[in-house]
Trainee: 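This is the structure I have questions about; it appears just below.
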Amino acid sequence: MSTQVPSLVPGLAGIPAAESAVSFIDGQQGILEYRGHRIEVLAQRSNFEEVTWLLLHGELPTAEELTGFRAELASYRELPQGVVEMLSKLPADGHPMAALQAGYAALGMHCEGKLCARGDDIAQIIAATPSLVAAFARLRRGEEVIAPDSALDTAGNFLWMLRGEKPGEIEQHVLDTALVLHADHTMNASTFTARVVGSSEADPYTVCASAVGSLKGPLHGGANERVLAQLEGIDSPAAVKVWLDTQLHEKGKVMGFGHRVYKTKDPRATILQGLARELFEKTGTTPIYDVALALEAAVLERLGERGIYPNVDFFSGIVYQKLGIPTDIFTPIFAMSRVAGWLAHWHEQMADNRIFRPGQIFIGSHGAQYSEIDSRG
Ligand code: CMC
């Protein structure tokens, strides 16, 4: 019998961790599909609620199903008072992703099989995510929490609850499209986290709180926040090449570029760039956009042949900044959308579950001698 030990694949690159029908990526050709639908088509013709249903149920909803789903989400948007009180006690200078983690945990304690026993945890979590983010963003500034408006969709409600003024059509459209673009992306770190935590039969609130922790890191969702800081640190398009040379010389990463799977431009980056253009044409451009275009060209020249191209996070921050959204709320917006994918994958995991319990390659020692504390080093 062979005793060959499998070799380690750092980051499990390319190793399948599950069978999934939720989304598909062709990283060479820059193709992304949700349940077989091309992202370009969904971005142009669909909306976040419809895409959420598609991810969760596998098919586009009928008009009746979509109306029912929207009503269900509207009925779950308002946060339980105890959750608002908990958010109001968090440190005002804490990161909103940490508040979202705490918010999911509190929501689970208030809702799971208890106060909100209307039954659907999935609708509850998806609907409450923008409310949690907007509530913390206001409470930390000492402002009142704004109640959701049942006439608005997810994107519109978020902007309303965050800023306290009704969003314009273009703003609502741009944010809704950004939510469509971020809703799922195969076995990324946060989705894998969701599946691992779900596999222990933890509840979906815990699953999503854990996935938020994974998304927060700068190599994953946290990159969008860093991209803006990076662009703001470059004085003008003319300063880009020198900045890039220094960054690469110091072995720094250029945030918003590179991807484990895409070896060409991320199709979501192309769509977000178009949205940014549309937004700037209607509301006035920003100098950061020109710096971004110069950086994209310079990175292409230096790193393009290594397959390092803009990813989804490169243009999202520029768009959110133009919508008046604070920088540390960018990654929570990613979570507001990706929660749909996490829960679709959680469903899939639970339908045929086996707890994740991978192996390891042991590199430690054996036979260590125990010594009494006062005789140690
Ligand atoms: N800038 C400079 N060099 C890069 C970059 C970058 N953005 N991305 C990859 N490289 C280089 C890297 O230094 C390494 O070089 P070498 O072989 O000489 O050591 C090589 O390319 C392979 O990179 P890696 O980090 O081992 O690749 P990975 O597949 O493990 O990581 C990544 C993918 C997305 C974490 C990485 O490209 C990165 O750190 N990018 C910057 C952060 C970022 O924009 N993250 C958002 C990802 S997309 C949205 C999301 O998932 O949330």
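Numbering of residues begins at 1 and proceeds along the displayed sequence. Ligands are counted one by one from 1 in listed order, and the atoms in each one are counted from 1 as well.
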Trainee: Looking at E225, is its backbone amide N or carbonyl O close enough to the side chain of T327 to form a donor-acceptor pair, meaning the two atoms are under 3.5 Å apart?
Mentor: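 Checked: no pair found.
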Trainee: Is a side-chain N or O of E171 found less than 3.5 angstrom from the main chain of G168, in a donor-acceptor match?
Mentor: yes
Trainee: Same cluster or not: are V180 and I170 linked, directly or through other Ile, Leu, Val, Met, Phe, Trp or Tyr residues, by side-chain heavy atoms under 4.5 angstrom apart?
Mentor: yes
Trainee: Please answer: with hydrophobic residues joined when any side-chain heavy atoms are less than 4.5 Å apart, are L55 and I333 in the same cluster?
Mentor: yes
Trainee: Hey, can you tell me if Y262 and H185 have their rings parallel, tilted or perpendicular (30° and 60° cut-offs)?
Mentor: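 Tilted.
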Trainee: Would you tabulate the polar-atom pairs, meaning N/O of ligand 1 against N/O of the protein, with distances under 3.5 Å, reported to 0.1 Å?
Mentor:
unit_1	atom_1	unit_2	atom_2	d
ligand 1	1 (N)	V254	N	2.9
ligand 1	7 (N)	V254	O	2.7
ligand 1	7 (N)	F257	O	2.7
ligand 1	15 (O)	R306	NH2	2.9
ligand 1	18 (O)	R306	NH2	3.3
ligand 1	25 (O)	K253	NZ	2.9
ligand 1	29 (O)	R260	NE	2.7
ligand 1	30 (O)	R260	NH2	3.0
ligand 1	39 (O)	K253	NZ	2.9
ligand 1	40 (N)	F257	O	2.9
ligand 1	44 (O)	G256	N	2.8
ligand 1	44 (O)	N311	ND2	2.9
ligand 1	45 (N)	L219	O	3.0
ligand 1	51 (O)	H220	ND1	3.0
ligand 1	52 (O)	H220	O	3.1
ligand 1	52 (O)	H220	ND1	2.7
ligand 1	52 (O)	G221	N	3.2

Trainee: Using a 6.0 Å distance limit plus a 45 degree cone around the ring axis, check whether R376 lies over the aromatic ring of Y370.
Mentor: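 Flagged: R376 positioned over aromatic ring of Y370.
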